[in-house]
Amino acid sequence: MDQSYPVQVRARLDEPLSRWLWLVKWLLAIPHYIVLFFLWIAFAAVTVIAFFAILFTARYPRPLFSFNLGVLRWSWRVGYYTYSALGTDRYPPFSLAEEPDYPATLDVAYPGRLSRGLVLVKWWLLAIPQYAIVAVFAGGAAYTATGSSADRWQASALSGGLIGLLVFFAAIALLFAGRYPRGLYDLVVGMNRWVIRVTAYAALMTDAYPPFRLDQGGAGVPAPAPDDLAPAPAAAVPA
């Protein structure tokens, strides 16, 4: 597990899991899907505003950062409950805030300063190799380079993504064996972690380039202090 990357995605397998509840979670989560639809529209607008703020001040306004982090947290909880992981049967809260007692948590260390040069290229040019990998994990139809990935966690199973396929296998195991294969769970969470890291990078929330590494399992590590963060050497563009 990366002990320095500023985007920390944590989860725990909330056993025992129902054999059949996954069949109706799409229905139970509809209220969340409706709210997230509008939240991700706001997320895209906030990211555009943040782009200009970073370009002129080298800082991501803290209230805007907190809002976008809240959208990511909400989306990860809903995805973990539904078809991005099926890791819990506990209904996700309607909240942008941190929910430390929920079995799926997410945090992004607030950056003190961001590169004015990187903000021009990281979300489209530098991230292209990452987008290619994420398209395999989450399905090309469920992910776009614009950062409007609200449907990614909910639609990956329908768009041919590898995450959706593996979660389908997990659902079958739950139905017939009553248990979630641990190795499969670790792989699913690792792929989701990769996707979320790329999303945060594309949304300009960090200059640290996402590692090309599949950190499997749900355990997380503390995020570093903002002063310890630095852009990846390969992405060193002058401010």
Side-chain angles (χ1 to χ4, degrees), residues 1-12 43 47 50 54 58-60 62 64-77 79-80 84-85 87 98-100 102-119 121-138 143 145 147 149 152-153 162-163 185-237 239:
M1 186 70 64
D2 192 330
Q3 298 189 21
S4 61
Y5 195 71
V7 181
Q8 294 296 319
V9 180
R10 307 174 185 89
R12 68 176 185 269
F43 183 99
T47 301
I54 297 167
R59 293 186 180 275
Y60 200 125
R62 192 71 181 246
L64 302 185
F65 185 92
S66 297
F67 174 80
N68 276 1
L69 175 57
V71 176
L72 289 178
R73 284 171 169 161
W74 193 326
S75 299
W76 172 225
R77 290 192 295 259
Y80 191 72
S84 280
E98 183 179 11
E99 301 288 343
Y102 195 76
T105 61
L106 187 157
D107 193 32
V108 182
Y110 180 74
R113 292 182 65 85
L114 292 166
S115 169
R116 297 179 183 180
L118 280 176
V119 77
V121 295
K122 66 182 181 181
W123 55 274
W124 65 279
L125 180 61
L126 299 181
I128 286 176
Q130 296 285 353
Y131 292 150
I133 295 171
V134 165
V136 174
F137 287 172
Y143 188 89
S149 49
R152 180 183 65 256
W153 287 301
L162 186 55
I163 291 174
Y185 170 80
D186 289 344
L187 182 57
V188 165
V189 173
M191 289 183 177
N192 276 286
R193 179 176 287 114
W194 192 316
V195 171
I196 294 169
R197 287 172 173 173
V198 174
T199 301
Y201 180 77
L204 314 178
M205 300 175 76
T206 179
D207 281 346
Y209 197 77
F212 286 95
R213 184 179 61 253
L214 188 62
D215 292 328
Q216 300 186 45
V221 294
D227 292 343
D228 296 334
L229 303 180
V237 177

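Although no hydrogens or angles enter the test, the distance criterion places no donor-acceptor pair under 3.5 Å between the side chain of Ser84 and the main chain of Tyr80. With Trp123 contributing its side chain and Val119 its backbone, the two residues share a donor-acceptor pair below 3.5 Å. Panel note: side chain Trp76, backbone Thr105; a donor-acceptor pair is recorded below 3.5 Å. With hydrogens and angles ignored, the 3.5 Å screen pairs no side-chain donor or acceptor of Arg59 with any backbone N or O of Ile54. Asp207 places no side-chain N or O within donor-acceptor distance of the main-chain N or O of Leu118, the cut-off being under 3.5 Å. Looking only at distances, a side-chain donor or acceptor of Arg193 sits under 3.5 Å from a matching main-chain atom of Gly217.
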Go through the steps for Val195 and Ile163 under the test side chain to side chain contact (heavy atoms under 4.5 Å, CB included), then give the verdict.
CA-CA 10 Å; Val195 171; Ile163 291 174; 4.2 Å; yes
Going through the checks in order, is the side chain to side chain contact (heavy atoms under 4.5 Å, CB included) test met by Tyr5 and Arg197?
CA-CA 9 Å; Tyr5 195 71; Arg197 287 172 173 173; 3.7 Å; yes
Verdict with supporting geometry, Leu106 and Ile196, side chain to side chain contact (heavy atoms under 4.5 Å, CB included)
CA-CA 9 Å; Leu106 187 157; Ile196 294 169; 3.3 Å; yes
Apply side chain to side chain contact (heavy atoms under 4.5 Å, CB included) to residues Tyr201 and Leu126 and explain how you reach the verdict.
CA-CA 10 Å; Tyr201 180 77; Leu126 299 181; 3.6 Å; yes
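One distance of note links CG of Leu162 with CE of Met191; it measures 4.0 Å at 0.5 Å rounding. Here the CD atom belonging to Gln216 is positioned 12.0 Å from the OH atom belonging to Tyr185, to the nearest 0.5 angstrom. To the nearest 0.5 Å, the span separating CG on Leu187 from CG on Asn192 amounts to 10.0 Å.
Put simply, the side chain of Tyr209 does not reach to within 4.5 Å of the side chain of Lys122, judged on heavy atoms. The shortest distance between side-chain heavy atoms of Thr199 and Leu72 falls below 4.5 Å.
Contacts of Arg73 classified as side-chain hydrogen bond (donor to acceptor under 3.5 Å, both in side chains), with partners at least two apart in sequence or in another chain: Asp107. Every residue meeting the ring pair (Phe, Tyr, Trp, His ring centres under 6.0 Å) condition with Phe65, not counting sequence neighbours, appears here in chain and number order: Tyr60, Tyr110.
Contact detail for Phe212 and Pro129: the closest heavy-atom pair is CZ-CB, 4.0 Å. Closest approach of Gln130 and Val198 over heavy atoms only: OE1-CG2, 3.4 Å. For the residue pair Thr206 and Pro6, the shortest heavy atom distance occurs at OG1-CG, 3.3 Å.
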